[in-house]
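The structure under discussion appears below in the form of structure tokens.
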2 protein chains.
Amino acid sequence: MANLSDVAKKAGVSVTTVSRFLNGSLSLPDARAHQIRTAVDELRYVPNPHARRLSRGRSDAIGLVVPDIAGPFFARLVAAVEEEADRLGLGLVLHATLNRPARELRYLDSLRMRHLDGMIFVTNRAADSALLAAVRSCQHLVLLDEDVPGAKVPKVFCDNEAGGRMAGGYLAAMGHRSVLFVGGEADMVSGRRRYRGFEQEMHRVSDGPVRIERVLGRYIPETGRDAARRFLEMAPRPTAIFATSDEMLIGLIEVLRDALVTIPDDVSLLGFDDIGPLHLFAPPITAIRQPVRDLGRRALGVLLETLKTETGEAAPTEELLPVTLIERASVAPPTTRLKATANRKDMT
Amino acid sequence: MANLSDVAKKAGVSVTTVSRFLNGSLSLPDARAHQIRTAVDELRYVPNPHARRLSRGRSDAIGLVVPDIAGPFFARLVAAVEEEADRLGLGLVLHATLNRPARELRYLDSLRMRHLDGMIFVTNRAADSALLAAVRSCQHLVLLDEDVPGAKVPKVFCDNEAGGRMAGGYLAAMGHRSVLFVGGEADMVSGRRRYRGFEQEMHRVSDGPVRIERVLGRYIPETGRDAARRFLEMAPRPTAIFATSDEMLIGLIEVLRDALVTIPDDVSLLGFDDIGPLHLFAPPITAIRQPVRDLGRRALGVLLETLKTETGEAAPTEELLPVTLIERASVAPPTTRLKATANRKDMT
């Protein structure tokens, strides 16, 4: 059977070039790449990758683990990391966990078992002890988007608390004093931070009493539908809703629209993420925008820094990237309808 | 250093169980899985995965290669495959190519070099000879969503031609005789089939002459923006537009809205994919819906069938899954405005 040097000779390149090209650690111009592939084909050369890896003890692969990526936010986040990896000439191994604990642990094992050199890990649920233990046992790991409290690894998040403050300040300045907060599960760090900032700023900017109802759950459409159904039963109804994810927002709008509740006349609506085509909704939705591209880029950058340290013992830093308020047409003063005004009178 | 049987003894399970659990080919109840992880941690057991693989000559991994997954269609497609893999207890390795030839070839190499046992491959561009050659040199490969003409491998697509016929028949029955078709690049099989079905049915259902303008490009928002700009310059303007992907549709609507062209009064709009939240757009968009979930499930099913055959020489079948027309509010008869009527007079 043909060996590497046969391929190199036929392709007219060095053995090292063939080797590095075939293991993905070297990019070549199309013409040159084609020569090597042709040689490999004609000689029917098939290396045993595991033998090759054994000799090098590395897998030349970086992993990105995300929850269900059917939602626009995680899809865009993956694309951002992939684009940065492409810019750096790196291949990327993606895994979707569907937010299932067993799947998260399996993929973390693949890092600890050295099938991967490093990993960017994104969970979308409240961390439990098993997940914390698994994360703790890994090296070359970076947490992105959602925290696993207690994990001593580099972390890259958007500034959730600042986003909450922007939302609370904006709604309060518009005159809203009775609002519904639709947030992540109580023990999810992102949800806690968004609420803390929101509540603080609502009180700071408001001159009178403030009423904040809360519906918490996973960042999925069903949580938004549930929140909308609860909203419809509230008396008096809040004059504004802060939905803290695009997915929640979509479920929420579906139910409000079926109930003929118009936005912003009947209720103001403020979103978070701003990844989906909110600018095409009826009406266009005002939202806190996450810096998805920067989050992906920065997470990969931090991971590559930890890979440089032999031990993988990177400083457990936490970077917070800035969010921005995108003003559209879904938030108005609560006075547009008498009902809303009535609500405010009830409060005072 | 501790070995596998040390771990097995400490965890109180068989060596085989530990081995299969650690290489991901066995799922266990959380409690049992936790026992093994604890044993691995306490004994500081780190297998050399490559040595282990060498002994078995397989990687126990299935790959899914998709283009840029920032768009909702591919994100949903990945989620569908991942869910099916999860149901079957399989891990999945995802790769995003950003639709770049070099990246597609690199990931196909990882299949041929046996880093993966099998692969579901999705491209989103017109195949070139290099891609065809690479696909031909692979075993255990299934093409999903877009064809690579000439590749003798199992293929799973939606019924693009039937989707085109549905769209053409629907617009023609509504009275449209002058339409703009926004489609995939001329040499993309999906685009050719959608157009063929669309054109045939337009002519079949129409009683008079038919005018079909075409703007072709990649299935991305910019192609839709370009098409909308060309539409605005047409005189007379077509009375309906068929945008053959959600991404194209989004770009198209952005430009039409900025030009104050209202849907469906000024022009009817029909989409394809129906993955994005088109039901929340203003107005809700009528579209041909792709069976994304079934596409993902079926592709994995077909791949697993090919893995059963020792040679990987699976029959080069082509399965077409049915699409459906989802009626909403973006298509109306062209008579809603005099201009539209005038257009039709121009034709006769």
Side-chain angles (χ1 to χ4, degrees), chain A residues 22-24 27 30 33-34 37-38 40-41 46-51 53-54 57 59 68-72 74-76 78-80 82-83 86 91-96 98 100-103 105-107 109-110 112-115 130 133-134 137 250 253-254 257 276-277 279-283, chain B residues 22-24 27 30 33-34 37-38 40-41 46-51 53-54 57 59 68-72 74-76 78-80 82-83 86 91-96 98 100-103 105-107 109-110 112-115 130 133-134 137 250 253-254 257 276-277 279-283:
Chain A
L22 293 182
N23 70 38
S27 295
D30 288 0
H34 188 63
R37 281 201 198 78
T38 313
V40 166
D41 290 342
V46 178
N48 182 320
H50 311 317
R53 290 176 167 195
L54 188 59
S59 56
D68 186 335
I69 65 174
F74 292 116
R76 200 63 68 83
V78 168
E82 188 79 44
E83 274 162 24
D86 184 59
L92 196 65
V93 173
L94 310 178
H95 291 296
L98 308 179
R100 303 226 171 94
R103 232 164 156 74
L105 296 175
R106 165 190 288 193
Y107 291 135
D109 279 333
S110 75
R112 192 176 43 185
M113 297 304 148
R114 308 225 254 69
H115 297 181
S137 68
I250 286 172
I253 295 176
E254 287 173 355
R257 193 195 45 188
H279 59 304
L280 300 182
F281 283 21
Chain B
L22 293 181
N23 69 37
S27 295
D30 288 359
H34 188 63
R37 281 201 197 79
T38 313
V40 167
D41 290 343
V46 178
N48 182 321
H50 312 317
R53 291 174 166 197
L54 185 61
S59 56
D68 185 336
I69 65 174
F74 292 115
R76 200 62 68 87
V78 168
E82 188 79 43
E83 274 162 26
D86 184 60
L92 196 65
V93 173
L94 311 177
H95 291 298
L98 308 180
R100 303 229 170 92
R103 232 162 156 74
L105 296 174
R106 165 190 286 193
Y107 291 135
D109 279 334
S110 75
R112 192 176 42 185
M113 297 306 148
R114 314 223 315 283
H115 297 181
S137 68
I250 285 172
I253 296 176
E254 287 173 356
R257 192 196 45 187
H279 60 304
L280 300 182
F281 283 21

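The shown structure was predicted, so the numbers you read here are calculated from the model rather than taken from an experiment. Proteins get letters first, then strands, A, B, ... in listed order; numbering begins at 1 in each.
- Asp109(A) touches chain B through its side chain: at least one heavy atom from C-beta onward sits under 4.5 Å away, while N, CA, C and O do not.
- Here the side chains of Arg257(A) and Leu280(B) are in contact, with some heavy-atom distance below 4.5 Å.
- Rounded to the nearest 0.5 Å, atoms CG (Asp86(B)) and CZ (Arg106(A)) are 8.0 Å apart.
- The parts of Ala96(A) that come within reach of chain B are both its backbone and its side chain, each placing non-hydrogen atoms under 4.5 angstrom from that chain.
- At distances below 3.5 Å, at least one donor-acceptor pair connects side-chain atoms of His95(A) with backbone N or O atoms of Leu92(B).
- Glu254(A) approaches His279(B) most closely through the heavy-atom pair OE2-NE2, 2.6 Å.
- Only the side chain of Leu98(A) comes within contact range of chain B, with at least one heavy atom under 4.5 Å from a heavy atom of that chain.
- Taking 4.5 Å as the limit, some side-chain heavy atom of Pro277(B) sits within range of a side-chain heavy atom of Pro277(A).
- Contact record, Arg103(A) with Glu82(B): NH2-OE2, 2.6 Å, taken as the closest heavy-atom pair.
- With a 4.5 angstrom heavy-atom cutoff, Phe74(A) does not touch chain B via any of its atoms.
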